[in-house]
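Computed over heavy atoms, backbone and side chain alike; hydrogens, waters and symmetry mates excluded.
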Amino acid sequence: MSGGAVASLPEGLAHGGVWLRVEEPGAASAVRRTAERLAADLAMPEKRIADLSIVAAEASGNLVKHAVQGTVLVRAVRADDQAGVELVLVDSGPGMLDVQRSIGDGHSTAGTLGIGFGAILRQASRWDLHSVPGKGTVMTVQVWPGTAPEPAWAAGVTRPLTGETVSGDAIAARIVEGRRQILVSDGLGHGGLAAAASHEAVRAFGTAPAAPPAQVVEVLHNALRHTRGAALAVADIDVAAGVVRYAGLGNISGTLLAPDGSRRGMVSMPGIAGHQRRQIREYDYPLAPDAVVLMHTDGVVDRWNPVDYPGLFSHTPEVIAATVLRDAGTRRDDAGVLVARVS
């Protein structure tokens with residue numbers, strides 16, 4: 001990731017992927033067909049499309065058999081000049097008492113042969129799973145056409161307001177001239193015009209100069225003048241200096257999560273990028289070793305407690321973000337969560 005290009009955060013069938021409810025057997029077939037169609041659009045080899053089909057069928061079938069309020073996000077992932085497909089599986093219970101036993105061949109709680117998870121893991125290029133009894137499970141599975149790239153240092157998920165097909169929230173990450181920067185944007189309102197504003201923010205972010213966050217936010221503010229505008233924030237993660245530099249306009253929440261479970265909020269200024277702003281201010285925050293930077297839109301509330309999720313912050317950014325979205329995201333608004341973990 002270099003040269004200012006937006007990093008390998010997923011682009012999907014509908015600007016961030018397609019969410020599918022999986023609560024009956026027919027829905028599992030819909031997940032498989034959607035994944036196959038996306039893989040074909042990405043020109044993945046037939047062998048890997050067949051592998052993906054197995055993964056999608058088994059994973060969504062597990063949701064039907066075991067999950068409460070199961071959903072699957074199907075989306076594209078891009079890195080190292082190749083494109084793959086990722087499934088993000090989310091449920092609200094019952095969770096797994098013993099993850100290692102559950103993923104082994106021969107274990108079944110539904111009278112089957114118990115080879116479902118084994119089939120998923122054998123065909124997948126990469127996977128990650130976190131489960132808490134009583135809260136549920138989040139699992140991510142990626143299928144790449146070739147050798148899987150290095151895991152993303154920053155990733156997240158967005159979900160549209162119930163009834164909308166596109167989300168006005170967008171997320172992005174880049175490494176430019178040694179700077180690791182992340183963006184969260186919440187287009188004003190909902191639907192296509194909100195999505196257009198956030199997509200313009202992502203485009204401008206990808207081409208903005210390598211500069212501190214306040215200057216990048218200024219660039220985005222100017223780029224969004226022809227749109228309805230957005231709340232947005234940019235964080236610059238400087239591991240060598242042990243600091244996060246942060247600047248934002250509007251209601252984007254930024255939080256530093258330390259390994260001990262403590263959290264510290266980061267400050268955005270009032271305004272709407274593209275339309276209304278006062279002075280754009282940048283704030284510095286100390287970055288503890290192995291800390292997690294988490295940013296989200298106002299479609300996600302702060303009612304979740306990190307200590308209720310033992311071991312979560314050792315997992316991939318995708319799993320962390322999807323877990324927060326599941327338990328703190330509202331259905332009355334677009335919702336987006338972006339996580340960066342750089343150690």
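For the residue pair L249 and P270, the shortest heavy atom distance occurs at CD2-O, 3.7 Å. The nearest pair of heavy atoms linking A124 to V143 is CA-CG2, 4.3 Å. Taking both residues in full, the closest heavy atoms of S167 and A195 are given as O-CB, 3.4 Å, listed atom of the first, atom of the second, then distance. Shown here for V202 and I171, the closest heavy-atom pair between the two residues is CG2-O, 4.2 Å. Across all non-hydrogen atoms, the minimal contact from D169 to G336 is OD2-N, 3.2 Å. Minimum interatomic distance between R264 and Y285 (heavy atoms only, all atoms of both residues): NE-CD2, 3.7 Å.
Hydrophobic clustering (ILVMFWY, side-chain heavy atoms < 4.5 Å, transitive): L121 and L63 are in one cluster. Linking Ile, Leu, Val, Met, Phe, Trp and Tyr residues whenever their side-chain heavy atoms come within less than 4.5 Å leaves M295 and V243 in two separate clusters. Linking Ile, Leu, Val, Met, Phe, Trp and Tyr whenever their side-chain heavy atoms come within less than 4.5 Å leaves V22 and V68 in two separate clusters. One hydrophobic cluster holds both V239 and M266 under the rule that ILVMFWY side chains link at heavy-atom gaps under 4.5 Å. Under the 4.5 Å side-chain heavy-atom criterion for grouping Ile, Leu, Val, Met, Phe, Trp and Tyr, I54 is not connected to V72 through any hydrophobic cluster.
Counting heavy atoms from C-beta on, the side chains of R32 and S60 never come closer than 4.5 Å. For the pair Y246 and V293, the minimum side-chain heavy-atom distance is 4.5 Å or more. Between L232 and L183 the shortest side-chain heavy-atom distance falls below 4.5 Å. In this structure, E200 and S185 have side chains that are not in contact, with every pair of non-hydrogen atoms separated by 4.5 Å or more. The side-chain heavy atoms of I252 and T297, taken from C-beta on, include a pair separated by under 4.5 Å. In this structure the side chain of R78 reaches within 4.5 angstrom of the side chain of L42, judged on heavy atoms. Counting heavy atoms from C-beta on, the side chains of S92 and Q69 come closer than 4.5 Å. You'll find the side chain of V55 reaches within 4.5 Å of the side chain of I120, heavy atoms only.
Considering only residues two or more places apart in sequence or on other chains, R331 meets the side chain to side chain donor-acceptor pair (under 3.5 Å) condition with none of them. Remark: H190 engages L161, E164, D333, D334 in a side-chain contact (heavy atoms from CB on, under 4.5 Å) (not counting sequence neighbours).
Counting heavy atoms of neighbouring residues, nucleotides and ligands inside a 6.0 Å radius, atom CZ of R21 does not exceed 12 of them. Counted within 6.0 Å of CG on D81, heavy atoms from surrounding residues, nucleotides or ligands total 12 or fewer; the atom is thus considered open.
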Exercise for the section: Could you walk me through whether L294 and H296 pass the side chain to side chain contact (heavy atoms under 4.5 Å, CB included) test, one step at a time? Expected result: CA-CA 7 Å; L294 188 150; H296 64 78; 3.7 Å; yes

Exercise for the section: Carefully, step by step, assess W144 and Q82 under the rule side chain to side chain contact (heavy atoms under 4.5 Å, CB included). Expected result: CA-CA 8 Å; W144 292 87; Q82 62 173 326; 3.7 Å; yes

Problem - Check against side chain to side chain contact (heavy atoms under 4.5 Å, CB included), V138 and H315 - result: CA-CA 11 Å; V138 170; H315 286 269; over 6 Å; no

Practice task
Let me see the working for L73 and R159 under side chain to side chain contact (heavy atoms under 4.5 Å, CB included), right down to the final yes or no.
Solution key: CA-CA 9 Å; L73 172 63; R159 184 180 66 199; over 6 Å; no

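In this structure, L188 CG and S198 OG are separated by 10.0 Å, a value rounded to the nearest 0.5 Å. Rounding to the nearest 0.5 angstrom, the gap separating the OG1 atom in T34 from the CZ atom in R37 is 4.5 Å. A distance of 5.5 Å separates CD in Q142 from CZ in R126, rounded to the nearest 0.5 Å. Going from atom CD1 of I272 over to atom CG of D186 covers 10.5 Å, rounded to the nearest 0.5 Å. Of the inter-residue distances, the one linking D298 atom CG with T330 atom OG1 reads 8.0 Å to the nearest 0.5 angstrom. Rounding to the nearest 0.5 Å gives a distance of 5.0 Å between OG1 of T207 and CZ of R203.
Remark: side-chain polar atoms of H221 are not paired, donor with acceptor, to backbone N or O of A273 under 3.5 angstrom. Without hydrogens or angle criteria, R174 side chain to F205 main chain gives a donor-acceptor distance under 3.5 Å. With hydrogens and angles ignored, the 3.5 Å screen pairs a side-chain donor or acceptor of R48 with a backbone N or O of Q123.
Salt-bridge annotation for E36 and R33: absent, with no side-chain N of the basic residue lying under 4.0 Å from a carboxylate O of the acidic one. With respect to the salt-bridge test (charged N to carboxylate O, under 4.0 angstrom), the residues D51 and K47 qualify.
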Let me check something: any side-chain donor-acceptor pairs from residues 316-327 under 3.5 Å, sequence neighbours excluded? List them with distances.
from	atom 1	to	atom 2	distance (Å)
T316	OG1	D128	OD2	3.0
T316	OG1	E318	OE1	3.4
T316	OG1	V319	N	3.4
T323	OG1	V319	O	2.8
R326	NH1	D91	O	3.0
D327	OD2	Y309	OH	2.4

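Geometric assessment of R341 against the ring of F313 yields a negative cation-pi assignment under the 6.0 Å and 45° thresholds.
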